[in-house]
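Numbers for residues simply follow the sequence, beginning at 1. Counting starts at 1 for both ligands and their atoms, following the listed order. Values reported hereafter were calculated over all heavy atoms of this structure, with side chains retained and with hydrogens, waters and symmetry mates removed. Owing to the predicted nature of the structure, the values given are computational and were not obtained by experimental measurement.
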Amino acid sequence: MLYIVPTPIGNLQDITLRALETLKSADVVLCEDTRRTQILLSHFGISKPTARYNENDPHSITRCVELLKNGKTAALVSDCGTPCISDPGWRLVKQAVAAGIKVSSLPGPSAVACALAGAGITGGAFTFLGFLPRKPGKAAKLIANAYALSVPVVLYESPYRVIKMLELIAKTLGEDTPLIVARELSKVYEEWLRGRVKELIQQFRTRSKMQGEFVLIIDRPAAEAEKEDEPNPYF
Ligand code: SAM
């Protein structure tokens, strides 16, 4: 049995009771980074064998699948949030399913859901692109195609590249594109910035150092967002 277990994205109190129970009862915890997971397990007083799961190493995946085939129960975790969401895990899940192993996915923290819920922009559809490719041309194309669907577009970005990404958004969709930036969600310095992309670029340029983790939400043009007053078909 393979359990997919989300872990906190910034506040250890966000672990669910079920996640803790699952970690306690599993035979092994499959980790993106065993040292980071060990810190989490120790914090909750859980002593459990861990094994590294390396998505890019076919042998690693095979070893994990063999373990499951031998009847072991494994809990798959990543360094933060939900495994498989811009994190390792999907190849293992795919191969486990193919091998007839039961997979259960626990609900829990994920930066995309957390940011969207606090954005106050939609109760319905969105497009999640995760981390975009490094090549500006490819990234711009993905942004433009996603935005053409007329739903908010959600991106993950590192502090080192966030200004560059905002500049690319401005170039691709226009400087007045409305944007929400959620930084350091559920951490002490949680911060929300809202405005046109050109305003946010200016604001970030005044900072001496960019720090933290970022979720960028590209909102629809104001005229389209206004239509939100119409009855929502989703509920
Ligand atoms: N699996 C994780 C999830 O479910 O959200 C995502 C892991 S991905 C490697 C890490 C990226 O998620 C960060 O670069 C950032 O874009 C976003 N992220 C994670 N934690 C965050 C936080 N506390 N605040 C804002 N963004 C966060």
Q: Which N/O atoms of ligand 1 sit under 3.5 Å from a protein N/O, and at what distances?
A:
unit_1: ligand 1; atom_1: 1 (N); unit_2: Cys80; atom_2: O; d: 3.2
unit_1: ligand 1; atom_1: 1 (N); unit_2: Thr82; atom_2: O; d: 3.0
unit_1: ligand 1; atom_1: 1 (N); unit_2: Ile85; atom_2: O; d: 2.8
unit_1: ligand 1; atom_1: 1 (N); unit_2: Asp87; atom_2: OD2; d: 2.8
unit_1: ligand 1; atom_1: 4 (O); unit_2: Thr82; atom_2: N; d: 2.9
unit_1: ligand 1; atom_1: 4 (O); unit_2: Ser110; atom_2: OG; d: 2.7
unit_1: ligand 1; atom_1: 5 (O); unit_2: Ser110; atom_2: OG; d: 3.3
unit_1: ligand 1; atom_1: 5 (O); unit_2: Ala111; atom_2: N; d: 2.8
unit_1: ligand 1; atom_1: 5 (O); unit_2: Tyr156; atom_2: OH; d: 2.7
unit_1: ligand 1; atom_1: 14 (O); unit_2: Glu213; atom_2: OE1; d: 3.4
unit_1: ligand 1; atom_1: 16 (O); unit_2: Glu157; atom_2: N; d: 3.2
unit_1: ligand 1; atom_1: 16 (O); unit_2: Phe214; atom_2: O; d: 2.6
unit_1: ligand 1; atom_1: 23 (N); unit_2: Ile9; atom_2: O; d: 3.0
unit_1: ligand 1; atom_1: 23 (N); unit_2: Leu185; atom_2: N; d: 3.3
unit_1: ligand 1; atom_1: 23 (N); unit_2: Leu185; atom_2: O; d: 2.9
unit_1: ligand 1; atom_1: 24 (N); unit_2: Leu185; atom_2: N; d: 2.8

Q: Go through the side-chain N and O atoms of Ser78 and Asp87 and say whether any donor and acceptor fall under 3.5 Å apart.
A: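 A donor-acceptor contact under 3.5 Å links the two side chains.
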Q: Show every side chain to side chain donor-acceptor pair (under 3.5 Å) that has at least one partner inside residues 22-50, sequence neighbours left out.
A: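 Not a single pair qualifies under side chain to side chain donor-acceptor pair (under 3.5 Å).
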Q: Give a yes or no on whether a salt bridge exists between Arg207 and Glu191, defined as a side-chain N under 4.0 angstrom from a carboxylate O.
A: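 Looking at Arg207 and Glu191, the cut-off is met.
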Q: Return yes if some donor-acceptor pair links the side-chain N/O of Tyr53 with the main-chain N/O of Leu92 below 3.5 Å, else return no.
A: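 Checking the backbone N and O of Leu92 against the side chain of Tyr53, a donor-acceptor pair under 3.5 Å is found.
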Q: Does atom NZ of Lys72 have more than 12 heavy-atom neighbours from other groups under 6.0 Å away?
A: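 Not buried by this count: 12 neighbours or fewer within 6.0 Å.
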Q: Hydrophobic cluster membership, with links at side-chain heavy-atom distances under 4.5 Å among I/L/V/M/F/W/Y: are Ile163 and Ile218 in one?
A: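 Linked, Ile163 and Ile218 end up in one cluster.
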